[in-house]
There are 2 protein chains.
Amino acid sequence: MSIGDDDSDLLSGSDRLTGRQLAKELGISQSTISRAFSDGATISPKMRAKVLEAARKFGYQPNVIARSLSTHRSGIVGIVVANMTNPFYASILQPLARRLQQLGLQTLLTSIPSGQQIDAQLHLLLQYNVDAIVIMTGTVSQEMARRWTDTGRAALLFSYSIPGIDLISVVCDNEAGGRDVARLLLQNGHKRPAFVGRSPDAATTHARAEGFEAELAEAGVPLFGRVDGEYTYEGGYAAALELGRSRPDSIFFAHDIMALGGMDALRYGLGLRVPEDISVVGFDNIPQGAWPTYQLTTFAQPVDQMVEAAVRLLNRRNPDEPAPASSVLPGALVQRNSVQNRTVR
Amino acid sequence: MSIGDDDSDLLSGSDRLTGRQLAKELGISQSTISRAFSDGATISPKMRAKVLEAARKFGYQPNVIARSLSTHRSGIVGIVVANMTNPFYASILQPLARRLQQLGLQTLLTSIPSGQQIDAQLHLLLQYNVDAIVIMTGTVSQEMARRWTDTGRAALLFSYSIPGIDLISVVCDNEAGGRDVARLLLQNGHKRPAFVGRSPDAATTHARAEGFEAELAEAGVPLFGRVDGEYTYEGGYAAALELGRSRPDSIFFAHDIMALGGMDALRYGLGLRVPEDISVVGFDNIPQGAWPTYQLTTFAQPVDQMVEAAVRLLNRRNPDEPAPASSVLPGALVQRNSVQNRTVR
DNA sequence: ATGCATATTGCATCCGGATGCAATGTTAGG
DNA sequence: CCTAACATTGCATCCGGATGCAATATGCAT
């Protein structure tokens with residue numbers, strides 16, 4: 001073998017080594033180099049070892065772009081988010097990106113105005129040959145959804161779903177969550193429960209609201225009031241201000257971030273005590289809810305399991321495996337200190 | 001012209017139209033198609049219009065990957081972050097991504113464990129031909145920095161810098177910020193000011209600490225105490241717990257998120273009142289600091305201007321423009337209600 | 001109208017790997 | 001030892017655009 005030991009600094013140049021150069025160096029063909037780096041290619045173990053060894057030595061790595069050009073894959077997962085200021089999304093992005101990186105997948109992040117149509121973004125991501133997308137917000141046209149799945153790429157709705165569009169999704173059981181919250185309030189003797197945060201286009205909050213109201217109805221307790229609003233601290237603040245005046249004895253906010261704004265509105269805007277005067281329950285379980293000022297009782301989305309499920313669905317290497325189904329994961333009530341027992345004993 | 005009007009649905013197939021196909025359709029060469037889409041290429045305005053019109057009609061768009069293969073550019077900006085749970089980073093990511101998208105640049109997000117060496121990530125981003133990087137955390141080897149700049153791509157440290165590494169950065173004037181905070185505390189009659197959050201490897205917090213201590217020294221007020229800690233809510237909580245026992249009359253936290261944790265520790269852990277018993281000042285100006293429970297007085301980084309500056313530096317199309325310099329932008333004190341006047345009148 | 005400079009367009013080839021098919025090498029059965 | 005069957009490797013070509021250079025077209029001055 002004629003390879004010197006001292007030329008391993010070939011990689012230090014700004015232009016990298018190509019497969020053909022390495023091939024010439026080894027006296028073999030470029031195809032063989034290529035095969036050494038492709039799983040399941042027809043190459044003898046001996047030859048592969050030799051190539052990989054030389055590649056390591058010379059600092060050769062296949063050019064991702066060139067590979068992508070012919071394979072139509074990229075090792076990139078597109079992610080569509082809005083509202084990274086909502087800590088819930090931030091807390092998903094982090095572990096999701098990390099898990100994907102562990103699998104050798106990069107994340108192309110597309111940030112959009114909340115709740116919009118995202119066909120244009122998907123189109124764009126398609127141009128970059130992303131292998132899959134995780135969508136956390138927005139609506140998609142049926143045609144775009146079809147076009148996407150036609151390419152054999154996975155598309156995954158994370159923590160929500162779009163009515164009438166058959167893309168797989170990973171969600172927690174929102175309706176059950178709503179019911180659990182209702183049951184908690186009922187058990188603690190609440191008679192005037194209100195709801196905040198339903199939005200016309202978000203099936204997620206619908207399910208939360210429906211579970212909540214259904215359970216109340218079954219107990220014969222009417223919903224005392226409802227206000228909608230943006231999924232922000234400010235939205236929750238405004239809604240609570242509006243709703244609080246009519247004195248419900250408890251408010252269920254469809255998102256923790258709204259619940260925090262709501263609690264502050266109740267306390268600082270209306271001078272009420274939480275939970276003594278009014279109970280508050282949230283949904284999501286963001287870190288801030290655990291802060292001592294809030295001690296928010298909430299329904300926790302099982303973020304870790306959801307990320308795991310997402311990664312599993314995205315990582316399906318060969319497109320001919322059975323089409324995966326949406327998964328609905330169970331969440332759990334996290335009881336802290338924003339609900340007070342109002343039963344008369 | 002033989003183009004029908006009804007075949008504009010060519011784009012609906014999962015495989016897109018190539019430039020050569022479009023060229024054949026128009027009876028021209030593929031080169032001309034390519035030139036029609038490249039700024040500054042030699043092509044007559046008339047021909048370009050004709051091509052673009054046909055492209056629109058047939059739904060042709062140049063393949064980004066193929067283009068990237070020969071140009072070595074990608075229209076992607078890599079972003080390296082840690083700690084998206086720190087709202088400060090989340091609040092940067094959002095506008096930054098949006099501004100870049102407006103310029104037709106996508107963002108490839110790389111999330112790493114906080115404060116580590118990120119050579120491997122940069123190497124990876126290089127493989128994807130990213131046009132530039134924005135680094136928000138971590139250290140880079142001198143060799144990697146050189147290798148990166150040798151490729152003619154911009155690299156930008158956002159909101160921090162790495163000692164000994166000459167990559168341009170966009171930061172606010174941290175030292176001035178530290179001084180301003182010190183002056184504020186002094187003006188309000190504080191005699192026992194403490195500092196929390198300096199970290200050995202973060203020049204940013206060093207500068208904040210130095211400005212703070214320098215200004216105190218000039219006024220003849222000794223630093224009452226100092227505790228370091230992680231840049232998290234919990235880190236601030238723990239530090240305040242430790243420091244609070246010795247009763248400083250004020251604490252300057254190097255990061256708002258630590259200040260919030262600190263305030264909670266002082267209030268709920270030690271039973272102190274803020275600002276009556278002890279004043280607290282933060283740095284960054286995250287949204288949560290404005291919440292009524294905290295009303296945190298803080299030094300605000302000029303995030304919008306910093307993002308603008310970053311975008312301007314990244315958007316330098318031709319690499320032969322004068323090498324841009326780092327920019328240091330002025331921040332400003334945001335006075336809310338976590339500092340009390342302790343002057344005896 | 002003629003000649004030369006300049007503007008456009010086409011041709012051929014490159015970017016770096018992936019892959020179908022043919023050629024060669026290897027192993028096993030007879 | 002011979003040949004069928006399979007395992008490896010190389011060859012040629014493709015993925016879809018970009019671009020240097022030659023060829024052609026246009027414009028201008030004389």
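In this text, all values refer to a predicted model and were calculated from it rather than measured experimentally. Every chain is numbered from 1, with letters handed out A, B, ... down the list of sequences.
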Asks: For I33(A) and dT9(D), give me the distance from atom CD1 to atom C1', rounded to whole Å.
Replies: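 Value for this atom pair: 12 Å.
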Asks: Applying a 4.0 Å non-hydrogen cut-off, can you work out what Q21(A) is touching in the nucleic acid: base, sugar-phosphate, or nothing?
Replies: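 Answer is nothing: Q21(A) stays at 4.0 Å or more from every strand.
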Asks: Whether the R153(A) and T151(A) side chains hold a donor-acceptor pair (N or O, under 3.5 Å, no angle test) is what I'd like checked.
Replies: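 Yes, because at least one side-chain N or O of R153(A) sits under 3.5 Å from a partner of the opposite role on T151(A).
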Asks: Could you name each residue pair satisfying salt bridge (Lys or Arg N to Asp or Glu O under 4.0 Å) that touches residues 105-126 of chain B, not counting sequence neighbours?
Replies: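 Sorted pair list comes back empty.
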Asks: Tell me which of R20(A) and R35(A) sits closer to the 5' end of DNA chain C, going by the nucleotide each one is nearest to.
Replies: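 The 5'-side residue here is R20(A).
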Asks: Between the two end axes of the helix from dA1(C)-dT30(D) to dG30(C)-dC1(D), each built from 5 base pairs, what angle do you get to the nearest 10°?
Replies: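 End-to-end axis angle: 30°.
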Asks: Checking S327(A) side chain against L329(A) main chain: does a donor-acceptor pair fall under 3.5 Å?
Replies: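 Pair absent, no side-chain N/O of S327(A) close to backbone of L329(A).
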Asks: Please classify the nucleic acid contact of Q61(A) as base, sugar-phosphate, or nothing, using heavy-atom distances under 4.0 Å.
Replies: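 The residue Q61(A) makes sugar-phosphate contact but no base contact.
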Asks: Side chain of S44(A) only, heavy atoms from C-beta on: which candidate in dT8(D), dG17(C), dT9(C) is closest?
Replies: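 Closest nucleotide to the S44(A) side chain: dT8(D).
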Asks: Report the distance from atom OH of Y128(B) to atom P of dG16(C), rounded to the nearest whole Å.
Replies: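 The answer, rounded to whole Å, is 17 Å.
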Asks: Does dG10(D) have OP1 or OP2 under 4.0 Å away from a side-chain N or O of T32(A)?
Replies: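 It does, given that an N or O in the side chain of T32(A) lies less than 4.0 Å from OP1 or OP2 of dG10(D).
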Asks: Considering only side-chain heavy atoms of A66(B), which listed nucleotide, dT9(C), dG16(D), dA18(D), is closest?
Replies: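 Within the option list, the nearest is dG16(D).
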Asks: Using whole Å, what does the distance between atom P of nucleotide dG16(C) and atom OH of Y60(A) come to?
Replies: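 Going from Y60(A) (OH) to dG16(C) (P), I get 10 Å.
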Asks: Kindly say whether the aromatic ring centers of Y89(A) and F158(A) come within a distance under 6.0 Å.
Replies: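 Not close enough - the centres of the two rings lie 6.0 Å or further apart.
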Asks: Ignoring hydrogens and angles, tell me if any N or O in the side chain of S169(B) forms a donor-acceptor pair with the backbone of V171(B) under 3.5 Å.
Replies: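 Answer holds: no.
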Asks: Quick one about T32(B) and S29(B) (side-chain donor to acceptor, distance below 3.5 Å, no hydrogens or angles considered), yes or no?
Replies: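 There is such a pair (donor and acceptor under 3.5 Å, judged by atom type) between the side chains of S29(B) and T32(B).
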Asks: Base, sugar-phosphate, or nothing: which does S34(A) touch, judged by heavy atoms less than 4.0 Å apart?
Replies: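 Base, at least one base atom sits under 4.0 Å.
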Asks: In whole angstrom, what separates I65(B)'s CD1 from dG16(D)'s P?
Replies: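 Value for this atom pair: 11 Å.
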Asks: For I43(A), report the nucleic acid contact type (base, sugar-phosphate, nothing); a contact means any heavy atom under 4.0 Å.
Replies: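 Counting heavy atoms under 4.0 Å across all strands, the contact made by I43(A) is with sugar-phosphate only.
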Asks: Can we say E53(A) and K50(A) salt-bridge, meaning some charged N sits less than 4.0 Å from an Asp/Glu carboxylate O?
Replies: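 Answer for the salt bridge query: no.
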Asks: Got a list of protein N/O to nucleotides 23-26 of chain C N/O distances below 3.5 Å?
Replies:
none

Asks: Could you please spell out the steps behind the ring-ring contact (aromatic ring centres under 6.0 Å, His included) verdict for Y128(B) and Y128(A)?
Replies: CA-CA 11 Å; Y128(B) 280 95; Y128(A) 280 94; over 10 Å; no
Asks: Answer with base, sugar-phosphate or nothing: what part of the nucleic acid does S31(A) contact at a heavy-atom distance below 4.0 Å?
Replies: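 Touches a base.
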Asks: With respect to the side chain of T18(B), which nucleotide from dG17(D), dA12(D), dG16(C) is positioned closest?
Replies: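 From the listed options, dG17(D) comes nearest.
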Asks: Checking the side chain of S44(B) only, and the main-chain atoms of M47(B) only, is there a donor and an acceptor separated by less than 3.5 Å?
Replies: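 Yes, because the side chain of S44(B) sits within donor-acceptor range (under 3.5 Å) of the backbone of M47(B).
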Asks: Across the strands shown, which category fits I28(A) at heavy-atom distances under 4.0 angstrom: base, sugar-phosphate, nothing?
Replies: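 Sugar-phosphate contact only.
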Asks: Please state how far atom NZ in K46(A) lies from atom P in dA7(D), giving the value in whole angstrom units.
Replies: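 Atom NZ in K46(A) sits about 16 Å away from atom P in dA7(D).
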Asks: Any base atoms under 4.0 Å from T42(A), or only sugar-phosphate, or nothing? Heavy atoms, all strands.
Replies: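 Touches a base.
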Asks: Does one side chain, of Q106(B) or Q101(B), offer a donor that lies under 3.5 Å from an acceptor on the other?
Replies: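 Absent: no donor and acceptor within the cut-off.
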Asks: Check whether any side-chain heavy atom of I165(A) sits under 4.5 Å from a side-chain heavy atom of Q142(A), and report yes or no.
Replies: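 When only atoms from C-beta onward are counted, Q142(A) and I165(A) do touch, with a gap below 4.5 Å.
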Asks: Under 4.0 Å between a side-chain N/O of S29(B) and OP1 or OP2 of dG10(C), yes or no?
Replies: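 Checking S29(B) against dG10(C): at least one side-chain N or O falls below 4.0 Å of OP1 or OP2.
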Asks: Given atom NZ of K24(A) and atom P of dG10(D), what is their separation to the nearest angstrom?
Replies: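 Rounded to whole Å, this separation is 15 Å.
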Asks: Measure from CZ on R73(A) to C1' on dT19(C) and round the result to the nearest Å.
Replies: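 For the pair R73(A) CZ and dT19(C) C1', the rounded distance is 16 Å.
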Asks: Mind calculating the distance between CD (Q30(A)) and P (dA18(C)) to the nearest angstrom?
Replies: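 Rounding to the nearest Å, CD of Q30(A) and P of dA18(C) are 8 Å apart.
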Asks: Could you say whether H72(B) or M47(B) is positioned toward the 5' end of DNA chain C, judged by the nucleotide with the nearest heavy atom to each?
Replies: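 Nearest-nucleotide comparison on DNA chain C picks M47(B).
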